Amino acid sequence: MLSLLHFLKSNCLCVLNVHHINVELFFPDSMPPSNDMTSQAQPYASHGYPSMQPAYQQGPTHTAPSPSHNLYGQSSYQQYSQVRLQLEVSTHLVSYLNFSFTSLEPGLKSLPTSSSAGHLANFKNQKSLLLLLTITTSCVQPFPNMSQLSAALGGLSGVPELEVEALRPVNLLQERNLLPPRPLEAPEPNVSPDLKKVNCSPQTFRCTLSSIPQTQTLLNKARLPLGLLLHPFRDLQQLPVITSNTIVRCRSCRTYINPFVTFLDQRRWKCNLCYRVNDVPDEFMYNPVTRSYGEPHKRPEVQNSTVEFIASSDYMLRPPQPAVYLFVLDVSHNAVEAGYLKYFCESLLENLDKLPGDTRTRLGFLTFDSTIHFYNLQEGLSQPQMLVVSDIDDVFIPSHDSLMVNLKESKEVLPLMKDLLTSLPAMFSQSRETHSALGPALQAAYKLMSPTGGRVTVFQTQLPTLGAGMLQSREDPNQRSSTKGVPHLGPATDFYKKLALDCSGQQIGVDLFLLSSQYADLASLACISKYSAGSIFYYPSFHYIHNLSQLEKFQKDLERYLTRKIGFEAVMRIRCTKGLSIHTFHGNFFVRSTDLLSLANVNPDSAFAVQMSIDDSLADSSLACFQAALLYTSSKGKRRIRVHTLCLPVVSQLSDVYAGADVQAITCLLANMAIDRSISSNLSDARDALVNAVVDLVTAYKSNMSNLQQSGLVLPAAMRLFPLYILALLKQKALRTGTSTRLDERVFAMCEFKTQPLQQLMRMVHPDLYRLDSMSDQGALHLNDTVVPQPHLLHLSAEKLSRDGAFLLDSVKTMLLMFQLPSLSLCEIQSHIPELETSLSERVRAFLDWLQDNRAFSSTIHVVKDDASAKATFFQHLVEDRSESASSYYEFLQHIQQQITK
């Protein structure tokens, strides 16, 4: 026995990474799959995402232990005859082997068989442990080493260490702790250091695959979608602004010169998209930064992947429009009861001087109930004059000259406007008019704004009931928890879409604030913003007294909305390397041509997504490039062009495609596709397609490693979070079934999926959970004499919580605090934490302030008290746990495995 132990220790067991020895574990029978998931739908075939291949027939399911990183160091495999040995191994040897059962998921742990249970108890008493070691032959295949993995996937083209880790096979049924300690970063493209240095920020421009497959066949084989996520107008701390008489562009494809072009010599450059050779203009030979001649490759537009050009008159169809803002306000009895008008007027008064604009900026106001009210603010009046139009079937503008006024032209106009904003809430406080003529009010706004273009901001509190665009309730409250189809996700009328397209043609963007306690048919109303490149804000159950959290959020959102930068009369075009093509856009816009988006307004908080395909082989290219150009008029009346360029490697091996997969970008693109599927087909179809996206990926990965006979549910490390993210998507308001969900809230969640930037969308889908009471200064950020702790992320499961801890759940819109610590006692405070003179309080406040500073819209803070309803709000975000209508993460994995083995 001692000699055998010595042999095993010296040859096999030293770090337990020689595959000859397999620790035999016992697992429970498979748990029943959730009944809310089916696999009938083909995943997004109509959008260019290939349909599911025939299921790969898996052999007997024998689950092997989770691999450790050092498993890839072994390159040889010697066969031994199968021998079962029962070895008594001392605890010292177990410690030496660094082997522990505690790393397994609690749900996967099991008791030993009855024959060995008594022995195990005896060995525990003797401070020893019985390991059942099975020396195997080919009956149980080990996790592959890197040379085997490389051969199975077609070879590795010199990938760096990070990509080797990205390819590490992960058995999802065994590995439990999948989350990184800090929020996931975008994968870094495998390009040269010089290109990395100038490449576009992933916060601005991101591809689902950071390595582009050489052919559509290779892309289909990977079973991953190809697309881009773009945040083109986001706030930037540093932005090179270039003023030049000549904006250098390719004569063939009109690509803007960028860091990824090739200079053949000082007088010629080759386009990185179409490969046309172009001449370098004489003016481009001068570098305004260094004030030197003869170095065109050092110009700022060739040194920065994001630049902004001051456009010449060549880029103008008309003189740049002024900043024009029209506010359309619901003043019906329902609006008066909600109480929003007072807070809107106060916020606008406080921020009048912060509205983006210049000396030409103009403002106007329009209110409505069953009639439409205009406000004459003409110079010379002693007080604002209300003009009422009661004929809502034939709306006209009573006066064009005095309804939209310039605050800078006359000192008398500003006092009139302040007088109006001060008196508006009281003016309608006694109103008993319950009807809402929203459609006619929007028609009036269109006529009033058509000569100039600009932004219309609409505040609505109920279902439109009069005139054009009137709607009727379509929601059946009894169907909110249905597990079947969810009807009425699309508009009931095309009135709002047609009006939005008319607005877009006149460069008018319409933003909607819906503050409603009842169903208002957002599916129909949202079209006015969707097709005019507007924004949508929704505050369910809004009331200025009974819902203080919504009031606080409304006030914070409104301040950001009124003061954020804005671009007018914009268009955006996305270009890509020859051989690639764009076929579907996602976001709020009007598609003017195949690759040109019309954006009447553009704001820094909206994002876009596009789906792509590979039409021709990229075999002759080592790099693929994408360029987005946004032409807009600034609030100061300047025509500008913001250009972003992204460069990615082209690869021919499947391993490189998987190594560069961006799991968060893929999830966001699939979310957009699922929303489209929900509306064009049905919700059940969209849910099935998401599940099948996971099945397809696991099947493809398994089939392309078929010669390794890998058992279990295995994905490359780069995609290890994909099933978890898809499960989290299925539990969101937009896509969930079986849980009571108001129709307007579901539709609003869908709208957000289509317009939110990736970082915000991912935090909505999979919130960040932190433990606060154990924070320390280790790894903290030091910012302006402030120490900001950086706690580790926790899995979204109740097993990570404890009654003696303090926890923060950050879902972008809200931050939920749950704790019972006396050092953080909150008394009756529910919306913020007090400033206590304790180190824990200081750390918590520093961390919360840092989180708030890194987002556009402030999050509201809610303290979860010790009652069932408050805790339910917190626990519904724990997506890894089972709920009444949805499966747990482990059950979801079992369902995926069952689909594969059918």
Side-chain angles (χ1 to χ4, degrees), residues 102 106 176-185 548-549 551-553 555-556 759-760 762-764 766-881:
T102 58
R176 188 75 194 287
N177 298 314
L178 300 178
L179 282 182
R182 298 294 306 142
L184 202 62
E185 299 288 340
L548 295 179
S549 62
L551 174 61
E552 180 187 3
K553 178 168 175 51
Q555 290 175 300
K556 289 180 177 180
Q759 289 81 4
Q760 284 87 313
M762 283 309 304
R763 201 173 285 124
M764 288 166 52
H766 189 273
D768 293 338
L769 178 63
Y770 303 97
R771 180 161 186 162
L772 301 182
D773 58 294
S774 60
M775 286 192 300
S776 68
D777 293 342
Q778 184 176 359
L781 301 176
H782 295 266
L783 305 173
N784 301 326
D785 300 327
T786 301
V787 178
V788 182
Q790 297 292 292
H792 287 186
L793 289 172
L794 301 177
H795 279 265
L796 293 175
S797 174
E799 72 175 30
K800 299 298 181 181
L801 307 178
S802 63
R803 295 189 64 84
D804 61 346
F807 299 90
L808 169 69
L809 196 145
D810 179 11
S811 63
V812 179
K813 289 184 179 182
T814 59
M815 294 184 182
L816 301 176
L817 280 167
M818 185 170 72
F819 48 80
Q820 296 177 345
L821 295 176
S823 57
L824 284 175
S825 176
L826 295 186
C827 301
E828 294 303 317
I829 299 174
Q830 291 190 352
S831 60
H832 67 281
I833 62 173
E835 296 185 11
L836 303 179
E837 294 183 0
T838 65
S839 59
L840 177 57
S841 177
E842 290 176 0
R843 287 192 181 107
V844 170
R845 283 185 282 109
F847 182 57
L848 292 179
D849 291 344
W850 177 75
L851 290 176
Q852 295 278 30
D853 290 342
N854 283 278
R855 61 194 63 191
F857 291 93
S858 295
S859 302
T860 54
I861 299 174
H862 297 277
V863 176
V864 178
K865 291 194 171 184
D866 194 15
D867 65 78
S869 61
K871 286 187 175 180
T873 304
F874 190 99
F875 281 91
Q876 72 176 0
H877 293 287
L878 303 182
V879 297
E880 293 191 30
D881 295 339

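Just so we're clear, the structure is a prediction, and the values are computed from it rather than from any experiment.
- Annotation: salt bridge (Lys or Arg N to Asp or Glu O under 4.0 Å) contacts of Asp849 (sequence neighbours excluded): none.
- Legend: residues meeting side chain to side chain donor-acceptor pair (under 3.5 Å) with Ser549, ordered by chain and number and at least two apart, are Asn547.
- In this structure, the side chain to side chain contact (heavy atoms under 4.5 Å, CB included) partners of Leu548, at least two apart in sequence or on a different chain, are Leu551.
- Going from atom OG of Ser858 over to atom CD of Gln555 covers 12.0 Å, rounded to the nearest 0.5 Å.
- Annotation: side chain to side chain contact (heavy atoms under 4.5 Å, CB included) contacts of Ala780 (sequence neighbours excluded): Val787.
- Listed by chain and number, the residues in a side chain to side chain donor-acceptor pair (under 3.5 Å) with Ser859 are Arg855 (sequence neighbours excluded).
- Residues Met815 and Leu848 share a closest heavy-atom pair of SD-CD2, 3.7 Å.
- Residues passing the side chain to side chain contact (heavy atoms under 4.5 Å, CB included) test with Thr786 are Val788, Ala846, sequence neighbours excluded.
- From Glu880, atom CD reaches atom CG of Leu179 across 6.5 Å, with rounding to the nearest 0.5 Å.
- Residues Leu816 and Ser811 fail the side-chain proximity criterion, which asks for heavy atoms closer than 4.5 Å.
- Contact annotation: the side chain of Asn854 never approaches that of Gln759 to less than 4.5 Å [non-hydrogen atoms, C-beta and beyond].
- With rounding to the nearest 0.5 Å, the separation of CG in Leu808 from CG in Asp768 is 8.5 Å.
- With sequence neighbours excluded, no residue forms a side chain to side chain donor-acceptor pair (under 3.5 Å) with Gln760.
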Tell me, with the steps shown, if Ile861 and Gln852 meet side chain to side chain contact (heavy atoms under 4.5 Å, CB included). CA-CA 10 Å; Ile861 299 174; Gln852 295 278 30; 4.3 Å; yes
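- Atoms NZ and CG, from Lys800 and Leu878 in turn, are 12.0 Å apart once rounded to the nearest 0.5 Å.
- The salt bridge (Lys or Arg N to Asp or Glu O under 4.0 Å) search around Lys556 returns Glu552, not counting sequence neighbours.
- Here Arg176 pairs with Glu799 in a salt bridge; the nearest charged N to carboxylate O distance falls below 4.0 Å.
- Separation of atoms CZ (Arg182) and CG (Leu793) is listed at 6.0 Å; rounding is to 0.5 Å.
- Residues Val864 and Phe807 are not in side-chain contact: their nearest non-hydrogen atoms beyond the backbone lie 4.5 Å or more apart.
- Phe874 meets the ring pair (Phe, Tyr, Trp, His ring centres under 6.0 Å) test with no other residue; sequence neighbours excluded.
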Take His795 and Leu178 through the test side chain to side chain contact (heavy atoms under 4.5 Å, CB included) and record every step on the way to the result. CA-CA 8 Å; His795 279 265; Leu178 300 178; 4.2 Å; yes
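- With sequence neighbours excluded, the residues forming a ring pair (Phe, Tyr, Trp, His ring centres under 6.0 Å) with Tyr770 are Phe847, listed by chain and number.
- The CG atom of Leu772 sits 11.0 Å away from the CE atom of Met818 when rounded to the nearest 0.5 Å.
- For the salt bridge (Lys or Arg N to Asp or Glu O under 4.0 Å) test, residues two or more places apart in sequence or in another chain that qualify with Arg771 are Asp773, Asp804.
- Residues satisfying the side chain to side chain donor-acceptor pair (under 3.5 Å) criterion with His877, sequence neighbours excluded, are absent altogether.
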